[in-house]
Colleague: 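Encoded as structure tokens, here's the structure I'll be asking about.
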Amino acid sequence: MERTQVAIIGAGPAGLLLGQLLLRQGIDAVILERHTAAHVLGRIRAGVLEPGTVELITRAGCDRRLRAEGLLHGGVNLCFGGERHRIDLVGLTGGKQVTVYGQTEVTRDLMDARAAAGAVTHYEAEEVSLHDFDGPRPFLRFVRDGAERTLHCEFIAGCDGFHGISRPSVPESAMETFERVYPFGWLGLLADVPPVNEELIYVNHEDGFALCSMRSPTRSRYYLQCPAEERVENWSDERFWDELRRRLDPEAASRLTTGPALEKSIAPLRSFVTEPLRFGRLFLAGDAAHIVPPTGAKGLNLAASDVHYLSEALIEHFCDGSSAGLEAYSSRALARIWKAERFSWWMTSMMHRFPEVGRFGRRIQRAELEYLVSSRAAATALAENYVGLPY
Ligand code: APR
Ligand code: PHB
């Protein structure tokens, strides 16, 4: 039997960041993670951090490598009709930039800080189950090394992602969910080749969306829109590079450096929100509560803003004895979540090929893009969402 103040389920970026912010205020938190640390670090995810996310990682004391190795981007590019247009993030937002630094690296830095502080994480915690979170003394049961264990706590933070156990532990009648599944996926490729461009390029092409991103000056991350049911085995490296080159503007296409894929995978696109985010002493944060399609790179940033609200609320409770933040958590987090949901849905709608919209829909999409790159007001709306709305 073990006891802690906050039991966190999931050692993804949400759980680890929450653990670190609490630890810095002297609040004890134990993390239960289903997989090994190596498995968690093996997942390839997005890599664009809003300044607010960087600030939070700084507050958690985990920004040293991010500051040294992260790439500051003051602009982002949209390509359509074979032409590239730059959105000047710095100029349109009063000086804000995004930082390109992989989610895997954020996770590694948080894990290292947690290990250095001697905080407890039970990796390979199997069969985690949640109990009595509607009463004053919640607890978790789990199996580790074949033995059943119990973790008593004051609060449970469900940071266990979309396929976690926290959300399904709540009676369906107590929550409402909202969902949109998109009729396509993203085929991603990671390669040790220099990025085709210094800044990201989001491409709207007749044959589908493409994205040029990166992890460092020597490592690129590229994506192609593909049918939802597509199989990665159908895509040789050569086919991927040929298709990407075809979707880029001629100048970028001529500069594309290709190389063997380190990783290739297909991800579905989905929008999903659960309401509310609090059930007694259980709080949901990150992908456990919501999913955004990756266009706009809001997934990790949204997990970070949830954790900002939740950590402040828990600190207020444990340090000042006030439950006001805990009472407000769900509505404060959801207000920002829905704005990021809207932005991610809008970017997805504007940049992808939707078979069902027909010729009229395509002209509307084109008009929207042309308006965006010719109107300072429209470009500002994109820029302020891309760098992240205020907390
Ligand atoms: N018991 C214990 N741990 C679990 C369980 C379970 N039943 N189910 C899931 N987990 C763990 C997963 O193994 C994973 O390590 O919870 C963690 C959740 O991490 P993420 O999926 O990374 O979610 P989150 O921390 O909310 O991060 C959100 O990361 O997933 C991306 O696109 C997402 O960028 C967004 C960000
Ligand atoms: C990525 O680098 O993986 C990435 C960047 C921007 C996005 C999505 C993914 O919008």
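As the structure lists them, so they are numbered: ligands from 1, and atoms in each ligand from 1. For reference, positions follow the sequence shown, starting with 1.
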Colleague: Within the 4.0 Å heavy-atom shell around Leu200, which atoms of ligand 2 are there?
Modeller: 5 (C), 6 (C)
Colleague: Heavy-atom contacts with Pro294 under 4.0 Å: which atoms of ligand 2 show up? List them by number with element.
Modeller: 7 (C), 8 (C), 10 (O)
Colleague: Starting from atom 28 (C) of ligand 1, what is the nearest protein heavy atom, named by residue and atom, and what distance separates them?
Modeller: Asp287 OD1, 3.5 Å
Colleague: Pick whichever of His122, Arg45, Gln103 has a heavy atom sitting closest to atom 34 (O) of ligand 1.
Modeller: Gln103
Colleague: So is Ser213 polar-close to ligand 2, meaning N/O to N/O under 3.5 Å?
Modeller: yes
Colleague: Look only at interatomic distance and state if Leu211 has a nitrogen or oxygen under 3.5 Å from any nitrogen or oxygen of ligand 2.
Modeller: no
Colleague: side-chain contact (heavy atoms from CB on, under 4.5 Å) for Arg24 and Arg59? Distances and angles first, verdict last.
Modeller: CA-CA 9 Å; Arg24 307 261 301 181; Arg59 235 191 291 153; over 6 Å; no
Colleague: Say whether Gly296, considering both its backbone and side-chain N or O atoms, lies within less than 3.5 Å of an N or O atom on ligand 2.
Modeller: yes
Colleague: Under 4.0 Å from a heavy atom of Ile165: which atoms of ligand 1 are those, numbered in the order shown and with their elements?
Modeller: 7 (N)
Colleague: Starting from atom 3 (O) of ligand 2, which protein heavy atom do you reach first, and at what distance in Å?
Modeller: Tyr223 OH, 2.6 Å
Colleague: May I ask you to check if Arg278 and Phe283 form a cation-pi contact, with NZ or CZ under 6.0 angstrom from the six-membered ring centre and within 45° of the axis?
Modeller: no
Colleague: Taking only heavy atoms of Val48 into account, list the atoms of ligand 2 that are under 4.0 Å away from them.
Modeller: 5 (C), 6 (C)
Colleague: Would you call the rings of His308 and Tyr391 parallel, tilted or perpendicular, taking 30° and 60° as the class edges?
Modeller: tilted
Colleague: Please state which protein non-hydrogen atom is closest to atom 24 (P) of ligand 1 and give its distance, to 0.1 Å?
Modeller: Ala14 CB, 3.9 Å
Colleague: Who's the nearest protein heavy-atom neighbour of atom 11 (C) of ligand 1, and how far?
Modeller: Glu33 OE1, 3.2 Å
Colleague: At less than 4.0 angstrom from any non-hydrogen atom of Gly286, what atoms of ligand 1 do you find?
Modeller: 26 (O)
